[in-house]
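Encoded as structure tokens, the structure appears first; notes follow it.
Chain letters run A, B, ... following the sequence lines, proteins first, then strands; residues in each count from 1. Values below: all heavy atoms of this structure, side chains included; hydrogens, waters and symmetry mates excluded.
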Protein chains: 2
Amino acid sequence: MPDATILMTPKARDLLQKQERSASVVGFEEAVVDFFVDAADLLGVPKSVAVLYGIVFASPQPLSFADIQARGTLSKGSVSQGLRVLREMGAIKEVSAPADRSELFTPDLEMRRLIQRFLEQRLEKQLAAGKSRLGALQRALPNLEKSHAETLRSRLEQLQSWHEKARALLPIARTYLKLAPG
Amino acid sequence: MPDATILMTPKARDLLQKQERSASVVGFEEAVVDFFVDAADLLGVPKSVAVLYGIVFASPQPLSFADIQARGTLSKGSVSQGLRVLREMGAIKEVSAPADRSELFTPDLEMRRLIQRFLEQRLEKQLAAGKSRLGALQRALPNLEKSHAETLRSRLEQLQSWHEKARALLPIARTYLKLAPG
DNA sequence: CCCCGAGTTCAATCTAAATTGAGCTAAAAT
DNA sequence: ATTTTAGCTCAATTTAGATTGAACTCGGGG
């Protein structure tokens with residue numbers, strides 16, 4: 001490795017790497033990161049994960065662990081955990097390294113599947129929980145005095161109706177996602 | 001008011017009130033509260049608000065501020081703030097008090113409108129923010145070197161495509177909500 | 001006019017979750 | 001075999017946000 005950077009501390013190398021990226025590239029990356037941070041916030045995904053995904057998404061080349069850490073935005077721990085989460089979700093994939101170097105990550109652009117999996121994980125679990133709660137309510141109802149039972153029965157029905165609507169929405173969304181390009 | 005409770009401290013009255021509710025009524029309420037707490041958690045709504053709504057929803061009669069506070073689950077501050085939030089959302093409404101007593105609250109069962117408003121507030125804001133972010137990205141693109149621009153352009157397009165899909169989903173959901181009873 | 005209690009406000013506190021980084025592990029380099 | 005380093009783990013810290021409750025406001029009753 002007859003390379004001047006070998007004499008530098010890792011920190012110095014990182015800084016160099018950072019400065020080498022042109023202002024426009026950095027600016028673009030920042031904008032992408034902001035976009036994903038916003039979206040993550042809506043979906044309840046931790047910010048660090050969104051930042052990480054933004055960095056990978058904004059890079060034309062696959063990035064290594066070190067590359068990402070060199071951005072200086074995230075701690076080693078966050079990078080490690082975040083990459084794991086993203087891999088497990090299928091949001092990024094590792095492209096086999098050209099030579100000896102460590103694994104490189106690039107976004108998995110099958111976003112359709114990604115989003116689908118995400119929705120299903122969250123909603124499906126939620127709907128299952130809701131269903132059992134409604135069951136409990138159903139069972140609690142007969143024990144109430146007559147005067148109360150009537151109003152409450154109708155409210156419970158309302159809850160059930162909404163629950164069903166929500167459940168019906170999942171397949172619709174699924175179908176919808178299959179249409180149109182992307 | 002030739003009523004024994006008039007001689008009690010407010011605290012004592014509250015406790016009495018609490019004990020008077022039968023076990024089955026309390027149990028029903030708890031189950032309803034749990035249901036809404038679960039749902040709120042998915043939607044990112046504070047737990048105290050969900051509890052509050054659950055209490056109101058589970059009561060066959062409209063409840064006063066004091067009634068709710070008497071449940072002992074929430075502090076005065078939380079009740080006050082929570083009721084305001086729920087009123088602003090249109091999740092509960094005040095029924096005009098029969099005589100001199102303070103205002104009474106009951107769930108506003110026009111859930112369709114409620115849910116619609118909720119979705120639109122969150123998603124609409126999100127989509128607007130996303131749109132401007134995408135604009136920024138679009139503008140940042142031309143400044144990148146040719147070698148990078150191609151890949152990134154296509155990724156950006158992908159982002160835009162998803163953004164459009166999300167936007168298209170809103171009206172679909174709206175239409176869907178109009179159908180079916182509830 | 002002053003007092004009392006219902007309800008509001010908001011600074012202080014608590015809570016849950018995210019984030020960090022020191023130390024560990026395992027594998028590559030010498 | 002030993003050193004070096006990349007990456008993982010998890011206890012400790014930080015942070016963001018929810019919750020509390022003491023001090024206040026305001027309207028009605030005496």
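- Spacing between atom CG of A/L52 and atom C1' of C/dT20 amounts to 15 Å, rounded to whole angstrom units.
- Environment of CZ in A/R113: sparse, with no more than 12 heavy atoms of neighbouring residues, nucleotides or ligands closer than 6.0 Å.
- Side-chain contact between A/L134 and A/L156 is present, with at least one heavy-atom pair separated by less than 4.5 Å.
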What N/O pairs connect the protein and nucleotides 14-17 of chain C at under 3.5 Å? Give each pair on its own line.
none

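- Remark: C1' of D/dA16 and NZ of B/K47 are 18 Å apart, rounded to the nearest angstrom.
- For B/K131, the side chain to side chain contact (heavy atoms under 4.5 Å, CB included) partners at least two apart in sequence or on another chain are B/H163.
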Could you write out each protein N or O paired with an N or O of nucleotides 20-24 of chain D at a distance under 3.5 Å?
from   : atom 1 : to    : atom 2 : distance (Å)
D/dT20 : OP2    : B/S75 : N      : 3.3
D/dT20 : OP2    : B/S75 : OG     : 3.2
D/dT20 : OP2    : B/S78 : OG     : 2.8

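- Under a 3.5 Å cut-off, the side chain of A/R174 and the backbone N or O of A/Q116 do not form any donor-acceptor pair.
- Nucleotide C/dG21 holds its P atom 11 Å from the CD atom of A/Q69, rounded to whole Å.
- Of all the residues in residues 83-90 of chain A, not one reaches under 4.0 Å from DNA chain C with any non-hydrogen atom.
- Between the side chain of B/T175 and the main chain of B/P171, a donor-acceptor pair closer than 3.5 Å is present.
- The distance from atom CG of A/L63 to atom P of D/dA6 is 16 Å, rounded to the nearest whole Å.
- When the C1' atom of D/dG7 is taken as reference, atom CD of A/E94 falls 13 Å away, rounded to whole Å.
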- Take B/Q69 and B/K76 through the side chain to side chain contact (heavy atoms under 4.5 Å, CB included) test and state the conclusion after the steps. CA-CA 6 Å; B/Q69 217 193 329; B/K76 199 152 58 116; 3.7 Å; yes
Can you give each donor-acceptor pair under 3.5 Å made by side-chain atoms of residues 44-61 of chain A, sequence neighbours left out, with the distance rounded to 0.1 Å?
from  : atom 1 : to     : atom 2 : distance (Å)
A/S59 : OG     : A/Q61  : N      : 3.3
A/S59 : OG     : A/Q61  : O      : 2.4
A/Q61 : NE2    : B/H148 : NE2    : 3.4

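- We find that CD of A/E103 is positioned 13 Å from C1' of D/dC8, with the value rounded to whole Å.
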- Can you list the steps and then say if A/R155 with A/E150 is a salt bridge (Lys or Arg N to Asp or Glu O under 4.0 Å)? CA-CA 9 Å; A/R155 289 197 191 161; A/E150 220 22 70; over 6 Å; no
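- Residue A/S80 is the one, among A/S80 and B/G44, whose nearest nucleotide of DNA chain D lies closer to the 5' end (criterion: closest heavy atom).
- For residues 24-40 of chain B, the set of pairs meeting the side chain to side chain donor-acceptor pair (under 3.5 Å) definition, not counting sequence neighbours, comprises A/R133-B/D38, B/R21-B/E29, B/S22-B/S24, B/E29-B/R71.
- Considering all non-hydrogen atoms of both residues, B/R122 and B/L43 come closest at NH1-O, 3.3 Å.
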